[in-house]
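Single-structure report; data block below.
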Amino acid sequence: MVEQLKLVEKVEGVDKLIRKIQQEVKFLNKVRATGKVKKEHLQSTNLIHLNAIVNRLLSANDPVNVLKPFKYQNSRLEIDIVCDGGLSWVKVIARNAKALTLISRGNAEYGQKSVFDQAESYLKCAKNHPHMYRPPDIVFYFACGIEKPLAEKLENSLGIIIEGDIINSDYDDNDIINDDLLRSESETESEESTSNNVYDLLDLNTNVETTDITILNLDVSTLLAYVTNMTNGYANFIYIEPLLTTQAEWERTRPIKPVLDNLFQNKELVVCQTAYDNFTNIINLIGGPIEKKRTEDLLNRVKIVEDIPHGRIMDLNLGGKVKERSRLVFASGENLKSITVSANEGFVRAARMQGVECMVFIHEPRSLSEMKERNAAKIESS
């Protein structure tokens with residue numbers, strides 16, 4: 001990438017782009033030197049996005065700036081590429097096409113912007129920075145493609161110029177999940193549990209039997225695990241998605257539902273507003289008919305409470321496994337003097353690293369599976 005950029009080294013900002021690339025490489029080399037490289041380090045590296053910027057820059061007509069900041073509202077908006085002598089601004093997007101669609105439908109992490117949010121920011125900023133008496137054209141380059149319905153909305157409603165592969169959409173509202181998205185939808189922001197580390201979860205758990213706490217605060221991951229077909233007698237499948245197949249293997253060996261049912265006995269079940277909103281959004285988007293019926297039954301048993309964004313958990317530094325949504329859920333549970341039930345092992349470990357022990361019962365993750373059964377291979381019971 002750095003070698004390629006020598007071809008456009010006179011473009012303003014290329015040195016900044018090179019520094020960003022070198023910083024990412026330095027970080028990955030540092031991680032490799034520790035001998036503790038994880039899949040997540042490669043999945044989350046910014047090199048993928050930076051490489052897409054390099055590729056688009058090399059094909060740009062008359063590029064004049066890269067990573068150019070413009071004043072916008074009370075802050076700055078960084079434009080990936082300014083080209084055509086200043087007449088065009090290019091936003092480079094390297095996310096998975098289905099992920100973009102999912103985020104645009106409202107299933108985003110806290111503070112995560114959809115392409116519509118980004119388009120509106122670019123359009124408003126461009127009006128304040130005209131070139132030759134007119135706002136620059138806004139181009140969105142989708143390095144991994146964009147699904148047709150989303151592309152048409154951006155073009156027709158906002159006037160965004162679309163570049164990149166436009167992919168026909170072969171899903172409905174209940175069938176737009178893929179393997180890359182399963183972690184976020186099932187709220188398993190944790191490191192993936194494996195059959196070898198299941199016993200490691202025990203050292204994170206509060207011993208529920210030895211406490212007088214009678215309130216359980218249910219996280220999104222627990223709500224999903226309770227209503228998914230996978231934990232309700234439908235685990236005998238090999239799915240197209242490897243993560244689902246792995247979870248089904250765990251479920252056949254270590255069923256989650258009996259554990260949760262036993263835990264819930266004689267307890268008051270509460271769900272904070274943030275968890276409720278995220279859970280119902282996911283269910284409405286990708287839940288199957290039976291899973292939606294189980295959701296109705298479960299929500300009739302729980303009490304929805306307001307978020308309580310106070311206390312030591314809200315003081316945890318954001319980043320990595322500590323996300324705003326998780327902070328709100330766990331903080332609400334702590335303020336209610338409850339035990340939070342969750343599959344978010346990563347958050348609990350990250351909190352511990354910052355010196356905060358959570359009152360928690362951790363279980364393995366289980367994702368929604370009913371709509372995925374149509375393309376799965378059924379395993380005959382022996």
| said: Taking salt bridge (charged side-chain N to carboxylate O under 4.0 Å, His left out) as the definition, give me every residue that meets it alongside Glu163, ordered by chain and number, with sequence neighbours left out. | reply: Arg56
| query | side chain to side chain donor-acceptor pair (under 3.5 Å): which pairs involve residues 58-68, sequence neighbours left out? | reply | Glu12-Asn65, Asn61-Asp84
| Lys293/Glu370 ion pair, N-O < 4.0 Å | no
| field | Any residue meeting salt bridge (charged side-chain N to carboxylate O under 4.0 Å, His left out) with Glu268, in chain and number order, not counting sequence neighbours | value | none
| Pairing residues for Lys337 by the salt bridge (charged side-chain N to carboxylate O under 4.0 Å, His left out) criterion, not counting sequence neighbours | none
| request: Scan residues 300-319 for pairs that pass salt bridge (charged side-chain N to carboxylate O under 4.0 Å, His left out), counting only residues two or more places apart or in two chains. | output: Arg312-Glu334
| How close do Ser221 and Ala343 get, heavy atom to heavy atom, and via which atoms? | OG-N, 2.9 Å
| If every non-hydrogen atom of Pro136 is compared with every non-hydrogen atom of Pro130, which pair is closest and at what distance? | CD-CA, 4.3 Å
| field | Residues Glu364 and Arg366 bridged, charged N to O under 4.0 Å | value | yes
| said: If you compare all heavy atoms of Ser338 against all heavy atoms of Ile215, which two are closest, and at what distance to 0.1 Å? | reply: CB-O, 3.2 Å
| Do you know which two heavy atoms are closest between Tyr239 and Ala376, and how far apart they sit? | CD2-CB, 3.7 Å
| query | Which atom names give the shortest non-hydrogen contact between Gly333 and Asn217, and what distance separates them? | reply | CA-ND2, 3.4 Å
| said: With a 4.0 Å cut-off on N to O distance, would you call Glu9 and Lys6 a salt bridge? | reply: no
| Candidate list Val92, Ile81, Val90, test side chain to side chain contact (heavy atoms under 4.5 Å, CB included), partner Leu57, passing option | Ile81
| Pair listing, salt bridge (charged side-chain N to carboxylate O under 4.0 Å, His left out) test, anchored in residues 273-289, at least two apart | none
| request: Give the C-alpha distance, both sets of side-chain angles, the deciding distance and a yes or no for ring pair (Phe, Tyr, Trp, His ring centres under 6.0 Å) between Phe70 and Tyr72. | output: CA-CA 6 Å; Phe70 287 89; Tyr72 174 62; over 10 Å; no
